[in-house]
Amino acid sequence: MSTGAVDLLVVGAGAAGIAAAREALLLGLSVRVLEARGRVGGRAVTSHTLGAPMDLGATWLHAAQSNPLVPLAEAAGLELFDHDAVRSSRVWMGGRWADGAEMAAYERAEREWGIAVRLAEARAEGRALSMADAAPRGGFWDATLTHWEGPVIAATEAAEVDLEDYLSTLLNGSNLLPREGCGHVLERLAEGLPIVLGAPVERIDWGGARVRAEGAFGAVEALGAVVTVSTGVLAGGGIVFSPALPAEVEGAAHDLPLGLLEKVGLPASGADRLDSPAFGGIERRLEEGERAMTFVAWPFGRDHLEGFAGGALAWDLSREGEAAMTDFALSELRRIYGARADRAIQREGAVVSSWGRDPWARGSYSAARPGRAGARRLLSTSVGGGRLRLAGEACHVSLAGTLAGAWLSGAEAAREVAASRGLLRAGAQARGAGAGTSA
Ligand SMILES: Cc1cc2nc3c(=O)[nH]c(=O)nc-3n(C[C@H](O)[C@H](O)[C@H](O)COP(=O)(O)OP(=O)(O)OC[C@H]3O[C@@H](n4cnc5c(N)ncnc54)[C@H](O)[C@@H]3O)c2cc1C
């Protein structure tokens, strides 16, 4: 590859990298994106193995009212489906499903759980608390709720999640499902961008007047760079920075470790839909310390169930391999449906994500370690006089862990590098300012 310099180098073609590249082009800059994998999308990828789209990573466009991807997907003609309008859930109590009164009690307990953790944070007066420190215990639904908010939502055990960070990144607004998948949305938004696939960056030299990225592909030089690799890749030394990143920036990557959420798609083997409607949620009431998977049945009326495993369970299953993930999912369904689960599901056709073992991700999304909520701002600090800026989901203070946060962070990073490197040309600043939301 030629070493001809571009204005902006972007490392990674996930949501943040795609947004950074689009923003740079809107600002009139020359740009090149180097992507390690043979595809775009990063932690958003849509599988078609089951004969219908299934996202193995990002699935919902959360916080739809403030999500920049919503207007962009709509402008690209992609259908977004309001999942909240059809959401339903059933909770297995062991031997039977929860009845109406129990479901109402569960909802009440959920509100009380939320109030309790907020009160704990308000009373902490600056003391670092984890989600587990603040979560109520001993109530009939408490273990189920803490499992939901920790391993399932934060993809991390409650004791390892900083409470302030958890509360600052709570999502509001509706949850939309792109019918063709979130991975497909990103593929469409990346069309036409100057992305080099199969180009893992091994080393970034940012000590001179230009930033230089090197790897087996050759070298690329630029006046500034936006690096969007995950905190798992950063903290694991996936790229060597020369000089080393400032201690506070590198420390921030370690303070924002990736949790793990893995998905499994289980195809139906016959007509049995396990008494569950399309989009029906299936979960179990849990005792403290119990591990479980949750399910969304037959999304869009398709012929597969989607299972979610998070936190320590996901890491353990990920180490054991794909078959272990499928076996665990089936054992969960067997607890509820008995041998009927084995007849209803076609085990051999299962599709399993592997974010934990993926060297270009090394997890699913970030959660701040207890006491380290400030790490997101530190991670986003420009270095080298604005030559280099990290970006991605972990850099967003309120939409961390989402496509929206990654997108906004990438666009902002591109603007920041362009401004500090004196790359904003006449008229370009005004054009670029809306890249987060314009088509
Ligand atoms: C199972 C799962 C479910 C999720 N559910 C949702 C959801 O429903 N809604 C939601 O909004 N978000 C969800 N997320 C989170 C969302 O996927 C991420 O927040 C988002 O995709 C992160 O984007 P990013 O650009 O920051 O990072 P990435 O997508 O990781 O992009 C970084 C890119 O850098 C590349 N890269 C890594 N190392 C190198 C290197 N050395 N050289 C060159 N390139 C490199 C990677 O291949 C990758 O393409 C989910 C994630 C997972 C895993």
Side-chain angles (χ1 to χ4, degrees), residues 5-37 39-44 58 67-69 72 185-197 199-201 204 206 210-211 213 220-231 233-234 239 241 249 253 360 376 379-384 386-397 399-400 402-425 428-429 431-439:
V6 289
D7 291 330
L8 186 74
L9 165 69
V10 177
V11 179
I18 295 168
R22 288 171 58 112
E23 183 74 8
L25 291 176
L26 277 169
L27 290 167
L29 311 187
S30 59
V31 60
R32 186 159 313 152
V33 185
L34 298 174
E35 166 56 50
R37 294 182 173 108
R39 61 165 180 83
V40 301
R43 284 170 270 168
N67 189 325
L69 287 157
L72 289 167
V185 170
L186 290 192
E187 275 173 34
R188 289 286 300 275
L189 297 178
E191 277 171 9
L193 296 177
I195 298 173
V196 185
L197 297 176
V201 172
I204 296 178
W206 56 282
R210 290 179 174 176
V211 180
V220 172
E221 289 191 356
L223 294 176
V226 172
V227 177
T228 70
V229 303
S230 74
T231 51
V233 172
L234 286 172
I239 295 178
F241 289 88
V249 176
W360 310 119
R376 300 201 187 279
L379 192 69
S380 326
T381 313
S382 294
V383 300
R387 269 195 297 281
L388 183 68
R389 166 76 146 76
L390 301 182
E393 58 86 9
C395 291
H396 203 280
V397 291
L399 292 166
T402 70
L403 291 169
W407 189 273
L408 291 168
S409 161
E412 181 191 73
R415 284 194 298 275
E416 249 182 59
V417 173
S420 52
R421 300 298 283 151
L423 294 170
L424 295 181
R425 295 172 188 136
Q429 198 167 0
R431 275 206 312 278
T437 51
S438 61

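The figures that follow rest on heavy atoms only: side chains count, while hydrogens, waters and symmetry mates do not. Please read these numbers as outputs of a predicted model, since none were measured by experiment.
- The structure places CG of L9 at 6.5 Å from CD1 of I204, a figure rounded to the nearest 0.5 Å.
- Checked for salt-bridge contact, R188 and E191 meet the test: a charged N lies under 4.0 Å from a carboxylate O.
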Exercise for the section: Determine, stepwise, if the pair L186 / L403 fulfils side-chain contact (heavy atoms from CB on, under 4.5 Å). Expected result: CA-CA 10 Å; L186 290 192; L403 291 169; 4.0 Å; yes
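- Atom CD of E412 and atom OG of S380 lie 7.0 Å apart (nearest 0.5 Å).
- Between the CZ atom of R22 and the CG atom of L193 there is a distance of 7.0 Å, given to the nearest 0.5 Å.
- Between V196 and R32, the closest side-chain pair of non-hydrogen atoms falls below 4.5 Å.
- At least one donor-acceptor pair under 3.5 Å links the side chain of E35 to the backbone N or O of A13.
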Exercise for the section: Under the side-chain contact (heavy atoms from CB on, under 4.5 Å) rule, what do L189 and W407 come out as? Steps first, then yes or no, please. Expected result: CA-CA 11 Å; L189 297 178; W407 189 273; 3.8 Å; yes
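- Of the possible donor and acceptor atoms, one in the side chain of R387 sits under 3.5 Å from a partner among the backbone N and O of W206.
- What you find for A391 and A413 is that their closest heavy atoms are CB-CB, 3.7 Å.
- Nearest approach of G12 to V33, heavy atoms of both residues: O-CG1, 3.5 Å.
- Of all heavy-atom pairs spanning L379 and A253, the tightest one is CD1-N, 3.7 Å.
- The existence of a salt bridge linking E393 and R43 is confirmed by a sub-4.0 Å separation between a basic side-chain nitrogen and an acidic carboxylate oxygen.
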Practice task
Would you please test F241 and L234 for side-chain contact (heavy atoms from CB on, under 4.5 Å) and show each step?
Solution key: CA-CA 10 Å; F241 289 88; L234 286 172; 3.8 Å; yes
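- R376 places a side-chain N or O within 3.5 Å of a backbone atom of A394 that can act as its donor or acceptor partner.
- Nearest heavy-atom pair, L25 versus P194, reported as atom, atom and distance to 0.1 Å: CD1-CD, 4.1 Å.
- Taking 4.5 Å as the limit, some side-chain heavy atom of L408 sits within range of a side-chain heavy atom of P68.
- In this structure, A190 and I195 approach most closely via the heavy-atom pair CB-CD1, 4.1 Å.
- At least one donor-acceptor pair closer than 3.5 Å links the side chain of T228 to the backbone N or O of V11.
- Side-chain contact between W360 and S230 is absent, with no heavy-atom pair separated by less than 4.5 Å.
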Exercise for the section: Applying side-chain contact (heavy atoms from CB on, under 4.5 Å), run through R210 and L223 and close with a yes or a no. Expected result: CA-CA 5 Å; R210 290 179 174 176; L223 294 176; 4.3 Å; yes
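- Shown here are the side-chain contact (heavy atoms from CB on, under 4.5 Å) partners of A418, two or more places apart in sequence or in another chain: L27, L29, L423, L424.
- For the pair L399 and A404, the tightest heavy-atom approach, listed with the atom from each and the gap, is CD1-CB, 4.1 Å.
- Under the rule for a salt bridge (charged side-chain N to carboxylate O under 4.0 Å, His left out), the partners of E416 that lie at least two apart in sequence or sit in another chain are R389.
- With D7 contributing its side chain and S30 its backbone, the two residues share a donor-acceptor pair below 3.5 Å.
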